[in-house]
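Residue numbering restarts at 1 for every chain, and letters A, B, ... go by the order of the sequence lines.
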Amino acid sequence: MTDFIATPPSRQGLAGRMIGWIFSDLRVTICLGYLAMLVIVSIFAPLLTPFSPIEQSMDILMPPDAAHPLGTDDLGRDVFSRVVYGAPMSLYASFLAVGVGLVLGLPVGVLAGYLGGWVDAVVSRMIDTLLSFPGIILAVAVTGALGIGLTNAMISVGIVFSPNIARLIRIQTIVVKNELYVDAARTFGMSVPRIIIRHILPNAIQPIIVQVTLMLAVALLAEASLSFLGLGVQPPHPSWGQMLARGYSYMEIAPEQMYVPGIAILLTSLAFNGLGEALRSKLDPTRRPRG
Amino acid sequence: MRMIRLIGWRLLQVVPVVLMATVAIFALVQMVPGDPAAVIAGEYATADNIAAIRQELGLDRPVWLQYATWLGGAFQGDLSDSLITGLPVLDEVLRRLPNTLLLAVLALLISIVVGVPLGILAATKSETALDRAATSIASLGVAVPNFWLGMIFVATLSLGLGWFPTTGAVPITQDFWGALHHAALPALTLATAGIAEITRQLRSAMIEVLSSQYARTLRAKGLSRASILWKHGLRNVSLTLLTVIGLVFNHTLGATVATEAVFAIPGAGSMIVSSAVSKDFPMVQGIVFVLVLIVITMNLIIDLLYVMLDPRAAKK
């Protein structure tokens, strides 16, 4: 609430406040700027790349030159084009996994927290159980069952995320459902679904927003790992993780190809994490920066 | 006596978790879209092949009976046979598990040995250049794809400088130092995430303790900063540390999947990937089951340590 005191109650509205926040914090400006660039690159990939990302040629493992700014890979494909086309894959993968996690985790967590009793007891045990599975191991197993490919791999990662989201929203729901305004709504005869949508969710969602932003980075790294292992994006389509796998196998001939996709993954995951941390300090009033 | 009763109680609580884990693991095969027998048989299978596989795996029987059979076998140490090699799953998993556990335990030790001092140092020198350096390292460690770091280690430290063997593993029972030498680089790769996580969590926990009311009271009583830090701070922070160690161990065990691929280590992590690709479902289920049991055991140990360190937790 100190926010309202620090910034005078202007008539900017939510959009205005958001824009103000983005430009007042350099870290947020950089992270969001980078992610916006990634989205633009993803949309205009065909215009930005001189070659098709899957077109092979006889010029294999060429060092960087004017035509191929990052050289070519073992099948003569332009590495720069493949890095650019990897961006939409990564964004799609991250958002798909987090989306699946939300769709599965949110309703279960809210209901368990709101209803309490034996429903809550059973759901909580289930959440505890699923959280004892090492994440990537479970994702690999589920991907194997659903069938190999990027979409299935990221659905699996989403399934792995869902108990985390359910646990978090459950705790928040328990806190919010004891608030006076929820009691008031109930005495006025508001239905349970309406109470949940109108009162519980909007007040319980803030920590989830932070968590979900941080999860985008986890999903990105999971996509990279799974594609690296051959369970995600399938050839000939490019993905950063898969490019690392190829680059690794001829590391001694063309070491530079191992670095570019890795740096792309690192920067993107730093951007998601930076945004998540900034949101955390923005939304959580107990964690104001000291001094 | 109280401790024994407590251990018994926690053990009892583990039973439903293990049972639910078996349900989840069994459900993996139920997630296969369409007919699992047809998927296992492959593209060019005849109807007879598929029928044979269905019967052999008992997929023609009711689901609950399939589950009961699998569970009954699991409790007798029979996780059925691999579809590819025909060998018992448990033997295969136990043969490869030591390589994975060596990496995970070594990585956990590195994470603690580096992360704890770094976190405490960052907290005591809060808002200085040292703190900023530590937090930056931690942010990088969380964000970096650690299998990529592993590749860079191989390129520079193994191939470039020749300090470490590039790939493979040596059984620790045969050659202790050789095993450690082979495991050092992959363990360091795995540890980057753990170091980052422990540093972050320990830093914020320590800052909270040092700025708490009782720390201020102790300071007012005339205790030195050092003795507040080592006597009171460390004891209170140790609970956070235990929780984080549990999480880090879980993550590290999962991350072996990619790290074992980078270093060509024949462990459980690399085996689950090849089994998932070749649709060897009994093998996948067996590996997941054994790894989950390890995590559950680790969580139990952490729970009990927690109670020993914090008498308040025992009362609940």
| query | Looking at B/Asn250, B/Ile296, B/Ile25, B/Val295, which one forms a side-chain contact (heavy atoms from CB on, under 4.5 Å) with A/Phe133? | reply | B/Ile25

| said: Out of A/Leu130, A/Thr143, A/Leu244, return the one with the most heavy atom pairs under 4.5 angstrom to chain B. | reply: A/Leu244

| field | Contact winner vs chain B - A/Gly262, A/Gly274, A/Ser269, heavy-atom pairs under 4.5 Å | value | A/Gly262

Name the region of [X], side chain, backbone, both or neither, that has any atom closer than 4.5 Å to a heavy atom of chain B.
| X | value |
| --- | --- |
| A/Leu131 | backbone |
| A/Leu229 | both |
| A/Phe228 | side chain |
| A/Tyr259 | both |

| said: Measuring from atom OG1 of B/Thr135 to atom CD of A/Glu277, what distance do you get when rounded to the nearest 0.5 angstrom? | reply: 11.0 Å

| Taking atom OG of A/Ser132 and atom CG of B/Leu300, what is their separation to the nearest 0.5 Å? | 11.5 Å

Indicate the atoms forming the closest heavy-atom contact of [X] with [Y], along with that distance.
| X | Y | result |
| --- | --- | --- |
| A/Val142 | B/Met31 | CG1-CE, 3.6 Å |
| B/Val144 | A/Leu266 | CA-CD1, 3.6 Å |
| A/Tyr248 | B/Met151 | CD1-CG, 3.5 Å |
| B/Met20 | A/Thr129 | CB-OG1, 3.5 Å |

| field | Which of B/Ile272, B/Ile287, B/Asn299, B/Val284 touches chain A most, by non-hydrogen pairs under 4.5 Å | value | B/Ile272

Which answer fits [X], side chain, backbone, both or neither, if we ask what part of it has an atom under 4.5 Å from a heavy atom of chain A?
| X | answer |
| --- | --- |
| B/Val262 | both |
| B/Ile152 | both |
| B/Val29 | neither |
| B/Ala21 | both |
| B/Val277 | both |

| With sequence neighbours left out, what residues match A/Arg170 under side-chain hydrogen bond (donor to acceptor under 3.5 Å, both in side chains)? | A/Asp120, A/Ser124

| task | Please check if atom CE in A/Met126 has more than 12 non-hydrogen atoms from other residues, nucleotides or ligands closer than 6.0 Å. | result | no

| query | Do other residues, nucleotides or ligands put more than 12 heavy atoms under 6.0 Å from the CZ atom of A/Arg167? | reply | no

| query | What do the steps show when you test B/Leu140 against A/Leu270 for side-chain contact (heavy atoms from CB on, under 4.5 Å), and what is the final call? | reply | CA-CA 7 Å; B/Leu140 267 179; A/Leu270 274 175; 4.1 Å; yes

| remark: Within residues 147-159 of chain A, the residues sitting under 4.5 Å from chain B by heavy atom, in sequence order, are A/Gly147, A/Ile148, A/Ile159

| Those residues of residues 217-224 of chain A, ordered by number, that approach chain B below 4.5 Å (heavy atom to heavy atom) | A/Leu221, A/Ala224

| said: Does anything in residues 251-261 of chain B reach chain A? List residues with heavy atoms under 4.5 Å apart, or say none. | reply: B/Leu253, B/Gly254, B/Val257, B/Ala258, B/Ala261

| said: Check whether B/Trp148 reaches the backbone of A/Pro261 with its side chain - one donor and one acceptor, N or O, closer than 3.5 Å. | reply: no

